Amino acid sequence: MSFHSLPALAAALLIATLASLAPAQAVSEPRRPNIVMIVADDLGFSDVGMFGGEIRTPNIDALARSGVRCTNFYTGPSCSPSRSMMLAGTDSHVAGLGNMDEWLAPNQRGVPGYEGVLNQQVVSFVNLLRDGGYHTYMAGKWHLGKQPDQIPRARGFERDFSLLDGAASYFDLTGLGASSPRSIFTEDGKYIDRLPDDYYATKTYTDKMIGFIESNREDGKPFFAYVAHQAPHDPYHLPNDWLRKYEGKYDIGWDALRQQRFERMKELGILGADANLAERLWYVPTWSDLAPVARATVGRKMELYAGLVENLDHHVGRLVDYLKRIGEYDNTLFVFFADNGAEGTDLGQMIAGTPGTRDYLFYVVNWSQTHPNAWGRTHSYVSYGPGWAQVSMTPFRQHKGWLAEGGIHCPLVVSGAGVKRAAGSIEDGLMHVMDIAPTLLEVAGVELPATYQDRPVQRMQGKSWAPMLAGQTESTRGEQDWLGWELWGSRAIRQGNWKLLWQPKPMGEASWALYDLAKDPAERHDVAAREPERVQRMLALWDEYAKTNNVILPSRTPFETLEDQLPPRVPVDEGYPPLKFKKPFVPPTPAPEGKAGER
Amino acid sequence: MSARRIHRSGLLRGVSLAAGLVALSTAAKAQGDGARAYWKSLAGASAVTFWSIDASGNTNPLDEAQVVDPNADFDAHVALLGYHRTMDLLGRSATASFLLPVGNLEGEISGVPISQEASSSGFGDPMLQLNLNLVGAPAMNDLPSVLRYEPKFTLDLLASFALPVGEYDDSSSLNLGQNRWYGRFGTPMMWTFGPWVPGQRTTFEFLPALWWFGDNDDYQSGQTLETDPIFGMEAHLTRDLTETAWCSLDSVWFSGGESEINGVGGEEIDNVGVGLSFGYQINDNLSINTSYFSTIDDSGSGDLRGDEFRLMFTYGWHPLLQGMKRLSGE
């Protein structure tokens, strides 16, 4: 053989090798990705590290570093409406959560779309995933119905360990009020009345999910894992080892911390360089006006919240580590988000704040551990209030329950299999929790059928992120696409960078306001008077939204007496009045003798 | 949340925490200092204590040397007054105390052919005492540090020193004053179980201490009384019953302390007592506790035999607490 023939021989060998591999590749289909969807309940927009928070969240941050942080992601202003939209891919007024079950108004009773549960007019995308060959698992909070045909098993989850209520103790079955004195759980579709001996919500949900995945690992089917954490929803309950992790950390107060986060968010690119910061709610005192013991007391609540968030991150890390250990991490798409804005209302007080009521008595018996050293432990009920909620929602205005950005603008991280965007990149296109269902169906290669179990399937209103995640498009929505919201009488439309907002007094003006969120994410400047034509166009969108989704404005709301409860609304001007805030006068030090008058 | 509500919340929290300052160091007694005697509180707090003690037995209940007279049958009705002050000493929680016994002692010494009666009344030997925390309790100089105080284990250094200026009659076998210097060094310790939350606190408290005694050169008409050091241990298992009430199982043990009179030796003591205590916080300033002690294994002729019932009132205050109470109209 001459040396001249060597290249030809090499080429022949290569062709032969490729030819021998070809049949094997032809018979194995590309493996569909696993999907892990993690929901943090009431987590604030700026709480995790990669969104500007000082709370230690290394595991969520790692997902963000390898994936995409979405900075214009919207949810509903409250828990169950958001979750219904997530599972159904439609507006909550279609999916059965036109109002929360707990606050259904008299004029909404019996109206389709206001069942207070995920209704049968919509199909849960989880049903479709299961039918499409996925294992479907859920661990955590459900809050979308308790009847047998409403529980996770009925809505597509093959295995589950689910808290059916909206909130509860993290340690045991203690419920929140007299109307739900014991938490209701299901496990694999069966109602249970006993929790594991070492039950701690965040830990147990993670344990269960790992167990579910492990139990079917060998069959090679992809899985959808929905971990609906209770954390950091109030009451703040932490394991003993986590109670003191942030002690003294929040002595700096909400004003300074909000400013720190604001700056950090700009450094990270979460906010634009010219973004503004919302004014402090007028009924929240200036931190410097508080006495040291009040700061320590109120700060303790944020310490617990931060510990709860870090603990959540710890368990997210356990799940990720498990997937790495079993070799599934690289083929898993992770979706991490919060279900609504941070909670600024003390739910415990709202339920039980009236002495003499049965809820008050329930609270007395079950939730009356009020000593600060009892906080975070069983039978204590702590939530951190509007001052810290505004920190969590930096730079936004207001908090959960409201349609200002602080109620609906949430953190979202998408990472892992199928994400082709640059690692650690930021996506600022308009996204919505309704998009999750069509996105995950597309990722899983499952079509939305026209009918499901002989019922017509509602068109999904969400838009798939798959093209955006694959780098095929820049954003999921264009300038003319719009989103709508309504809850408890508040209503909003967002189109492009513009937001039209109506809120009752005192949080709003009971009139339509217009904000340019590109320049004014903090919603400080109502420009409705300057843009009357835009207002009219967006009002038409509101009408369309209300009509399409059968929005019925409620005759009663949880905030109907708020104006009487809160102090009169006044502007918040830092440092006013000087009487309270100016620094004490210190007389000038006398010049040394003989130096007076010298220059 | 309104500003007013936050202020009010902080104010009330401060008040309820400062209430802990009434748990101050108590007096040294042969039957022990008692449960919860070395709990820590806000620096700068003051308290006065008033003990009412009814004791009986075969030893002078005010004599820390616990010299037993097998034929004696003493009764004591004594009050013990104290002033205590918490402070920051070297960055640690510390309490200085001044204690003064006052009252009346009566006794009868059985003899053949006659029995003797003795009595003493007036002031006893005042005692100065300093307790300094070494481990687990930095000084609490402000309400936030009280708020954050949640001890797991504390170790203190305790020094007590009695001044021999109390009522003393060398012809009497029963005196309020001891006519000699004496004192002790101890290391109070406390372990806590569970959360440091009123209504849930459980502690095990342990106090090993060494008592030392100078000589009494005028003991019963010019004799000399010498006493070797006594090693004592005191243990309490305490538990909150409610936010304001607690109870304790108590025990004491004393060993050593052989006394010699004019060089003639006696016996070493080996005394064990057990008791029960009950405490109640009446309000933010005032607490009361009561306890009963009795010796056990005391059937031998030379064994210390006695029992004691005591009632203690503690009134504590702190300028910050008092100011907050004035503002809140209490």
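Here is how names work: the chains are called A, B, and so on, in the same order as the sequence lines, proteins then strands, and each is numbered from 1. Not measured: the values here are computed from a predicted model. Atoms considered below: every heavy atom in the structure, side chains included; atoms not considered: hydrogens, waters and symmetry mates.
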- Message: Are the side chains of A/His371 and B/Gln200 in contact, using a 4.5 Å heavy-atom criterion?
- Response: no
- Query: Does atom CZ of B/Phe185 have more than 12 heavy-atom neighbours from other groups under 6.0 Å away?
  - Reply: no
- Item | B/Trp196 backbone acceptor or donor facing A/Asn373 side chain under 3.5 Å | yes
- Task: Taking all heavy atoms of A/Ala296 and all of B/Pro144, pick out the closest pair and write down the distance.
- Result: CB-CB, 3.6 Å
- Query: What do you reckon, is OH of B/Tyr83 surrounded by more than 12 foreign heavy atoms closer than 6.0 Å?
  - Reply: yes
- Beyond-backbone contact of B/Leu147 with A/Pro372, side-chain heavy atoms, under 4.5 angstrom: yes
- Task: Could you list which of residues 232-250 of chain A have a heavy atom closer than 4.5 Å to any heavy atom of chain B, in residue-number order?
- Result: A/Arg244, A/Glu247, A/Gly248
- Should we count OH of A/Tyr360 as having more than 12 external heavy atoms under 6.0 Å? no
- Message: Once rounded to the nearest 0.5 Å, what's the spacing between atom CD of A/Glu303 and atom CZ of B/Arg148?
- Response: 5.5 Å
- Task: Just jot down the salt bridge (Lys or Arg N to Asp or Glu O under 4.0 Å) partners of A/Asp42, sequence neighbours excluded, or say none.
- Result: A/Lys400
- May I ask you to say whether A/Arg377 pairs ionically with B/Glu150, meaning some side-chain N is under 4.0 Å from a carboxylate O? yes
- Query: Which bit of A/Gln565 is near chain B, if near means a heavy-atom gap under 4.5 Å: side chain, backbone, both or neither?
  - Reply: neither
